[in-house]
**Q** 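Here's a structure for you.
Side-chain atoms are counted along with the backbone in the values below, which use heavy atoms only and exclude waters and symmetry mates.
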Amino acid sequence: MNKLVKIIIGAVGGVIILLAAGVWYASATVDPVQLTKLLSTSVKTATGRDLKISGPVSLSFFPGISVSAERLSLSNATWASKREMLTLNRIDLNIKMLPLLSKRIEVGSVKLAGLELHLQKNASGKVNWDMSPDSPNASGTSSEGADTSSVGDNLIYMDSVSVADAQIEYQDPFGSISNYQIKRLSLTESGDTSSISLNMQAQGQALELSGKAGSFSKLLKQSDTSSMQFPLDLNLAMNGKTLLIKGDVSKSPKAMPTINLTLSSKAFDWPSMSAATNQASQTSNGIKSDQVVRQATKPQSKYLFSSETIPFDALPQAKGKVVIDIAALGLPKRKPIENLQATLQLNGSEIDIPNLTFQMGKGSADVQMNLSGFDAANPIFVAKGVTKDFTLESLLARLDPSSKVSGGSMKLAFDIKTSGTSLHQMAGNSNGKIQWSINQAQMGTNFLNDAGDFVVTLLDSMNPMRKKTSETVLECAVAYLPISNGQINIANTVGAETDRLNVVLAGSINLKTEAVNLTIDPQEKSGLTTGIDLAGLVKMGGTLANPKAGINQAGVVNSAVSIGLGFLTGGASILAENARSMTSKGHPCREALHPWSDIYPGAE
């Protein structure tokens with residue numbers, strides 16, 4: 001969001017600067033026709049874009065220089081999908097007289113109504129808000145460019161900005177469009193204080209921002225020339241719930257900013273904005289453009305862990321800390337988590353979270369995280385944590401209130417170090433260990449069938465007869481997963497015990513390729529069947545995203561021998577197999593479980 005705000009300010013502010021500069025130079029004449037030509041020429045010279053003013057233009061000089069214009073448009077980059085980058089129903093500018101005598105422009109007020117701004121990035125990385133002129137001869141007017149830059153440097157004073165009914169869209173290289181609507185924005189400065197009032201929708205999510213901050217004009221003008229402090233005291237409201245943002249940002253010349261903020265709320269909802277994204281149309285005003293650059297096709301990931309790049313480089317480099325204290329944080333389509341508390345310690349390209357805690361019902365979690373080198377090609381991420389007093393029942397009830405699960409006390413501990421710029425890279429480069437356990441749960445078949453392709457395939461492999469029963473009693477389940485350079489080797493470290501089966505898994509999962517190679521060894525607990533379970537003939541292959549059940553060749557041979565001997569001996573060997581199964585049963589959960597303190601120091 002911070003990057004988008006800068007883009008919007010740059011695009012709209014650039015047009016305002018050029019208009020104001022044109023008014024300054026045109027202050028000796030009141031001819032609207034000449035003024036329109038001068039503004040259009042100035043914009044063309046500076047940007048290579050066409051500024052059109054189709055409506056009336058008026059200019060007055062008392063009590064200050066005021067200009068208003070209607071039906072403005074600014075042409076788009078030649079490759080963009082729409083003809084105009086910006087259209088504006090009306091703009092009103094009020095420019096102070098006295099500062100002009102010292103060649104400084106101070107805008108008393110700016111009012112924008114009916115703004116439509118189309119931002120776009122193409123497959124080659126070009127952005128349409130880059131106002132560098134397309135024609136090579138535009139750069140030849142070096143003296144005029146220097147004057148314009150000087151004017152721009154001085155135009156950093158605005159008493160008030162008002163925006164009404166603005167529509168902003170951003171189209172990414174894959175053609176997906178994000179929409180933002182500003183119903184009302186009011187920014188008023190008085191001395192060193194700015195008052196803010198914003199009512200907008202971001203991707204269909206309504207939000208309001210109000211409160212006070214430091215002087216934006218001084219922030220833009222002086223942040224690189226002198227030390228300054230920018231206080232913040234804001235209220236961000238969504239769905240009737242408010243987040244308080246208090247603190248300050250300080251900045252010294254040639255130094256990164258220092259941020260000290262507190263984010264607090266009794267109840268706040270995490271925004272859900274994905275549903276409002278749609279695909280771009282290839283037309284503009286009903287006419288197909290012959291200058292549209294071919295959109296990149298967004299690749300369909302074959303991996304469970306997304307290979308889409310995470311924009312770590314968009315994170316701000318700063319010092320300081322951010323304290324978070326939210327009593328109830330609502331998640332999209334989920335029940336809220338409670339008592340979320342964390343402190344983010346900022347140190348340039350490193351973000352350290354030494355203590356993040358939260359609760360879900362009676363369960364609690366304690367997590368530590370560190371992200372370093374996020375300005376480099378391969379950021380490093382470290383995370384470790386432990387949970388206690390969670391139950392499978394309460395956890396799944398938050399995800400799906402209709403879940404047919406009861407009981408299931410559970411625990412999780414992890415200690416992971418990895419690097420990369422996508423979830424897939426980070427999974428493939430990970431090292432560490434994870435362990436979770438569940439005890440005494442009753443699970444309906446509908447829950448098991450909704451657990452995902454990998455889990456369903458695993459359960460079907462363990463017990464092909466499970467769908468004939470409406471409920472499974474899970475006595476315990478343990479998974480200890482050691483990870484070395486993205487490779488999970490399972491040597492009887494995953495086990496489960498139900499009312500019907502003991503199950504042990506062995507094999508490996510390669511997180512670089514997501515290839516699965518697991519052998520499932522179930523044993524019936526009743527001892528009243530043949531002692532031969534078809535599940536023993538099956539192993540899991542494929543990938544995490546596309547798991548497949550295959551034949552365990554060793555299991556086929558062993559079972560065939562037992563069955564053959566059974567027929568030859570009139571069933572005596574089958575009875576012997578039953579007896580061996582009953583006497584040789586182990587304890588998969590107990591054998592798989594490792595000391596919790598080996599994974600998370602201090603855990604019981």
**Q** Apply side-chain contact (heavy atoms from CB on, under 4.5 Å) to Asn122 and Trp79, showing your working.
**A** CA-CA 8 Å; Asn122 67 15; Trp79 51 264; 3.5 Å; yes
**Q** Please report the C-alpha distance between Val322 and Thr343 in whole Å, then the side-chain angles of each, then the deciding distance to 0.1 Å, and finally whether the side-chain contact (heavy atoms from CB on, under 4.5 Å) criterion is met.
**A** CA-CA 6 Å; Val322 178; Thr343 298; over 6 Å; no
**Q** Can a side-chain donor-acceptor contact be found between Asn260 and Asp248 if the only test is distance below 3.5 angstrom?
**A** no
**Q** Between Asp269 and Lys241, is there a salt bridge with N-O shorter than 4.0 Å?
**A** yes
**Q** Using every non-hydrogen atom in the two residues, find where Ser227 and Ser252 come nearest and quote the distance to one decimal.
**A** OG-OG, 3.4 Å
**Q** Step through it carefully: locate the ring centre of Tyr170, locate the ring centre of Tyr180, and say whether they are under 6.0 Å apart.
**A** no
**Q** Roughly how far, to the nearest 0.5 Å, is the CD atom of Glu338 from the OG atom of Ser364?
**A** 11.5 Å
**Q** Kindly say whether Val386 contributes a backbone atom to a donor-acceptor pair with the side chain of Asp366 at under 3.5 angstrom?
**A** no
**Q** Would a distance-only check, ignoring hydrogens and angles, find a side-chain to backbone donor-acceptor pair under 3.5 Å from Lys433 to Asp598?
**A** yes
**Q** So which atom in Phe268 and which in Leu236 form the shortest heavy-atom distance, rounded to 0.1 Å?
**A** CE1-O, 3.6 Å
**Q** Taking Glu116 for its side chain and Leu88 for its backbone only, find out whether a donor-acceptor pair lies under 3.5 Å.
**A** no
**Q** Looking only at side chains, do Asn339 and Gln359 share a donor and an acceptor under 3.5 Å apart?
**A** yes
**Q** Determine, stepwise, if the pair Leu115 / Asp165 fulfils side-chain contact (heavy atoms from CB on, under 4.5 Å).
**A** CA-CA 7 Å; Leu115 169 69; Asp165 299 325; over 6 Å; no
**Q** Is it the case that the side chains of Ser81 and Gln120 hold a donor-acceptor pair, with the cut-off being a distance below 3.5 Å and no angle test?
**A** yes
**Q** Look only at the side chain of Asn517 and the backbone of Ser508, and say whether a donor-acceptor pair between them is shorter than 3.5 Å.
**A** no
**Q** Between the side chain of Asn235 and the main-chain N/O of Ile245, is any donor-acceptor distance below 3.5 Å?
**A** no
**Q** Tell me whether the NZ or CZ atom of Lys411 lies within the 45° cone about the ring axis of Trp436 and under 6.0 Å from its centre.
**A** no
**Q** Does NZ in Lys388 sit with more than 12 non-hydrogen atoms of other residues, nucleotides or ligands closer than 6.0 Å?
**A** no
**Q** Could you tell me which non-hydrogen atom of Leu356 sits nearest to which non-hydrogen atom of Ala342, and how far apart they are?
**A** CG-CB, 3.9 Å
**Q** When you measure from the side chain of Ser265 to the backbone N and O of Thr242, does any donor-acceptor pair fall under 3.5 Å?
**A** yes
**Q** How many angstroms lie between OG1 in Thr421 and CD1 in Ile310, if you round to the nearest 0.5 Å?
**A** 7.5 Å
**Q** Quick one: does Leu331's side chain get under 4.5 Å of Ile337's, heavy atoms only?
**A** yes
**Q** Between Leu261 and Gly247, what is the shortest heavy-atom contact and its length?
**A** CD2-CA, 3.9 Å
**Q** Classify the side-chain pair Asn199/Lys183 by whether it contains a donor and acceptor separated by less than 3.5 Å.
**A** no
**Q** Look only at the side chain of Thr418 and the backbone of Met426, and say whether a donor-acceptor pair between them is shorter than 3.5 Å.
**A** yes
**Q** Please assess Phe381 against Phe374 for the test ring-ring contact (aromatic ring centres under 6.0 Å, His included), listing each intermediate value before the final yes or no.
**A** CA-CA 9 Å; Phe381 179 70; Phe374 56 73; over 10 Å; no
**Q** Hey, are the side chains of Leu74 and Glu84 touching, using non-hydrogen atoms and a 4.5 Å cut-off?
**A** no
**Q** Would you compute the distance between atom CD1 of Ile483 and atom CZ of Phe414 and round it to the nearest 0.5 angstrom?
**A** 11.5 Å
**Q** So how far is it from Leu207 CG to Met200 CE, rounded to the nearest 0.5 Å?
**A** 5.5 Å
**Q** If we only count heavy atoms from C-beta on, is the Lys548 to Met540 side-chain gap below 4.5 Å?
**A** no
**Q** Going by heavy atoms in the side chains, are Gln435 and Leu593 under 4.5 Å from each other?
**A** yes
**Q** Test your reading of the model: is there a side-chain donor-acceptor pair from Ser484 to the backbone of Gln487, 3.5 Å cut-off?
**A** no
**Q** Side chains of Ser437 and Trp596, heavy atoms from C-beta outward: is any pair under 4.5 Å?
**A** yes
**Q** Is Gln317 close to Asp375 at the side-chain level, that is, under 4.5 Å between some pair of heavy atoms?
**A** yes
**Q** Just so I know, are the side chains of Ile351 and Asn370 near enough to count as touching, which here means a heavy-atom distance under 4.5 Å?
**A** no
**Q** Mind telling me whether Tyr303 and His424 have parallel, tilted or perpendicular rings, with 30° and 60° as the class edges?
**A** parallel
**Q** Examine the side chains of Gln201 and Asn179 and answer whether a donor and an acceptor come within less than 3.5 Å of each other.
**A** no
**Q** Please give me the minimum heavy-atom distance between Asn429 and Asn431, naming the atom from each residue.
**A** O-ND2, 3.3 Å
**Q** Closest approach of Ile259 and Ala318, non-hydrogen atoms and distance?
**A** CD1-CB, 3.7 Å
**Q** Distance from Asn76 atom CG to Asn128 atom CG, nearest 0.5 Å?
**A** 4.5 Å
**Q** Do the rings of His594 and Tyr480 sit parallel, tilted or perpendicular, given the 30° and 60° boundaries?
**A** parallel
**Q** Please answer whether the main-chain N or O of Lys121 pairs with a side-chain N or O of Gln171 as donor and acceptor at a distance below 3.5 Å.
**A** no
**Q** Hey, mind stepping through Met256 and Lys319 against side-chain contact (heavy atoms from CB on, under 4.5 Å) and telling me if it holds?
**A** CA-CA 7 Å; Met256 65 179 61; Lys319 292 183 177 296; 3.8 Å; yes
**Q** Is Lys82 paired with Glu169 through a side-chain N to carboxylate O contact shorter than 4.0 Å?
**A** yes
**Q** Is it true that the side chains of Tyr600 and Gln368 contain a donor and an acceptor less than 3.5 Å apart?
**A** yes
**Q** First locate atom CG of Leu544, then atom CG of Leu304, and finally report the distance between them rounded to the nearest 0.5 Å.
**A** 5.5 Å
**Q** For Ser394, does its backbone N or O pair with a side-chain atom of Thr391 as donor and acceptor, under 3.5 Å?
**A** yes
**Q** Does the side chain of Leu243 come within less than 4.5 Å of Leu234's, by heavy atoms?
**A** no
